[in-house]
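The structure under discussion appears below in the form of structure tokens.
Note: hydrogens, waters and symmetry copies are ignored here, and every other heavy atom, side chains too, is used. Below, chain A is the first sequence line, B the second, and so on; all start at residue 1.
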Amino acid sequence: MRIATWNVNSLKARLPRVEEFLGYADVDVLCIQETKLADKAFPFLTFQELGYESVHNGQGQWNGVAILSRVGISDVQYGFGANIADPYEGDARLISAKCGDITAVSVYVPNGRTVPSDHYDRKLDWFAALNLWLNEYFTPQDALAVLGDYNVAPADRDVWSTTHFEGSTHVTAAERAAVQALCDWGMVDTFRAVHPDEEGLYSYWDYRAGDFHQHRGMRIDLVLATAAIAAKVTYAVVDRNARKGTLPSDHAPVIVDFTTP
DNA sequence: ATGGTAGCCCTGCTA
């Protein structure tokens, strides 16, 4: 089975690139973030014609998350639900669905803006809410993958320069501890399981200052998965070509393969 | 050249 995550930075602007990706990437499940679309504007039929069922938690101008699947979609959840307070209430940042033999979750973790700030504090609270939500609906024994834009680089080797990001969001000890808490619950950073030590493996490059061509990036798009999936991962890659060419997103897709019984 | 680009919807805000 092949799963992938991609922050497309507006599905309206990026639809041709997403169609192109679906044509060559051979993914079974694709989790998308930052659709920036209302549900009524989501291109369900376009994806259907390409062989994918899709579900969308849309908001309009900002955020918006989706799941595309060619192995079925059921048991859809939109956001944290009524029992868990959302520190970013009103934002469309989470959708989950059963896709074939696994549950896929598409998350768009809040950016946090600056340190310190109210937005940063609520980013950490959002991670805590995610942990509560996982606990409420799943167990570490489930075949569960939480894919998305975490807006956290888990380790120093996941950024092009530690000094450049000193004092910024995405690299603070508290944010990294929030990701680690998910791993403590039972999730594995599957990309790092395949590439444990390699540096320079990024998934996001700022549009500004030619960062992509200067290899100034960050690895903030993660595929966390429980052992039922993580123990069977055979391949993981960043599709850097998707960051090149005409009207690219500032993020590249991250693809993970695992064997199914 | 004193921080740059992309996307949104009023041209300032968010990333």
Side-chain angles (χ1 to χ4, degrees), chain A residues 5-21 31-43 46 56-66 86-94 106-127 130 147-154 158-172 174-176 178-179 202-222 238-254:
Chain A
T5 182
W6 194 6
N7 180 323
V8 298
N9 185 21
S10 168
L11 186 55
K12 182 181 174 187
R14 216 68 59 209
L15 186 56
R17 298 298 302 257
V18 175
E19 291 183 80
E20 178 189 18
F21 176 79
C31 291
I32 293 176
Q33 301 84 38
E34 282 209 86
T35 63
K36 297 184 177 178
L37 290 177
D39 288 329
K40 64 174 187 251
F42 188 83
T46 302
H56 181 230
N57 182 11
Q59 178 184 342
Q61 185 180 357
W62 304 114
N63 310 308
V65 286
D86 188 342
Y88 275 78
E89 183 65 46
D91 283 10
R93 296 183 175 276
L94 182 147
S106 182
V107 294
Y108 178 44
V109 177
N111 174 287
R113 298 194 187 180
T114 55
V115 188
S117 70
D118 169 66
H119 284 86
Y120 173 77
D121 290 343
R122 286 189 290 120
K123 176 182 190 175
L124 299 176
D125 293 343
W126 198 93
F127 269 111
L130 175 60
L147 309 88
D149 179 356
Y150 282 75
N151 271 315
V152 176
D158 295 317
V159 298
W160 68 273
S161 163
T162 52
T163 51
H164 181 267
F165 291 106
E166 210 170 299
S168 304
T169 58
H170 296 61
V171 299
T172 66
E175 289 166 285
R176 287 173 171 175
V179 174
Y202 308 133
S203 65
Y204 162 80
W205 302 260
D206 200 305
Y207 282 122
R208 296 168 284 190
D211 273 6
F212 178 73
H213 297 97
Q214 300 293 328
H215 312 297
R216 294 192 290 248
M218 317 175 81
R219 192 178 70 91
I220 58 176
D221 299 275
L222 309 179
V238 176
D239 178 16
R240 290 175 55 92
N241 284 329
R243 182 61 177 79
K244 305 173 183 173
T246 307
L247 289 177
S249 170
D250 43 1
H251 296 250
V254 178

What contact category does A/Tyr108 fall into here, base, sugar-phosphate, or nothing, at under 4.0 angstrom with non-hydrogen atoms?
sugar-phosphate

When rounded to whole Å, the CG to P distance for the pair A/Asp149 and B/dT14 reads 17 Å

Span that lies between the C1' atom of B/dT14 and that of B/dC9, in whole angstrom
12 Å

Could you tell me if A/Asn63 and A/Tyr88 have a donor-acceptor pair between their side chains, going purely by distance under 3.5 Å?
no

Mind checking the P distance from B/dC8 to B/dG4? Whole angstroms is fine.
23 Å

Whole angstrom is fine here: how far is it from CH2 in A/Trp62 over to C1' in B/dG12?
10 Å

Rounded to whole Å, please give me the gap between NE2 in A/His251 and C1' in B/dT5.
13 Å

What is the distance, to the nearest angstrom, from the CG atom on A/Asp206 to the P atom on B/dG4?
12 Å

Map A/Leu11 and A/Gly210 onto DNA chain B by nearest heavy atom, then report which one ends up closer to the 5' terminus.
A/Gly210

Between B/dA15, B/dG7, B/dC8, which nucleotide gets closest to the side-chain atoms of A/Asn9?
B/dG7

Length of the line joining A/Phe212:CZ and B/dG4:C1', which is rounded to integer Å:
17 Å

P gap between B/dT11 and B/dA15, integer Å:
16 Å

Could you go through the side-chain contact (heavy atoms from CB on, under 4.5 Å) check for A/Phe127 and A/Val179 one step at a time?
CA-CA 8 Å; A/Phe127 269 111; A/Val179 174; 4.1 Å; yes

Side chains of A/Tyr207 and A/Asn9 in contact at under 4.5 Å (non-hydrogen atoms):
yes

Name the nucleic acid region contacted by A/Arg14, choosing base, sugar-phosphate or nothing; use a 4.0 angstrom heavy-atom cut-off, strictly under.
sugar-phosphate

Are A/Pro110 and A/Arg93 side-chain neighbours, meaning at least one heavy-atom pair lies under 4.5 Å?
yes

Using whole Å, report how far CG of A/Asn151 lies from P of B/dT14.
15 Å

A/Trp126: which of A/Val107, A/Asp121, A/Asn151 passes side chain to side chain contact (heavy atoms under 4.5 Å, CB included):
A/Val107

Report the nucleotide, chosen from B/dA15, B/dC9, B/dG7, that has the shortest atom-to-atom distance to any side-chain atom of A/Gln61.
B/dC9

Are OP1 or OP2 of B/dT14 and a side-chain N or O of A/Arg113 less than 4.0 angstrom apart?
yes

Tell me: CG of A/Leu15 to P of B/dC8, nearest whole Å?
12 Å

Calculate the interatomic distance between A/Arg216 atom CZ and B/dT5 atom P; express it in whole Å.
12 Å

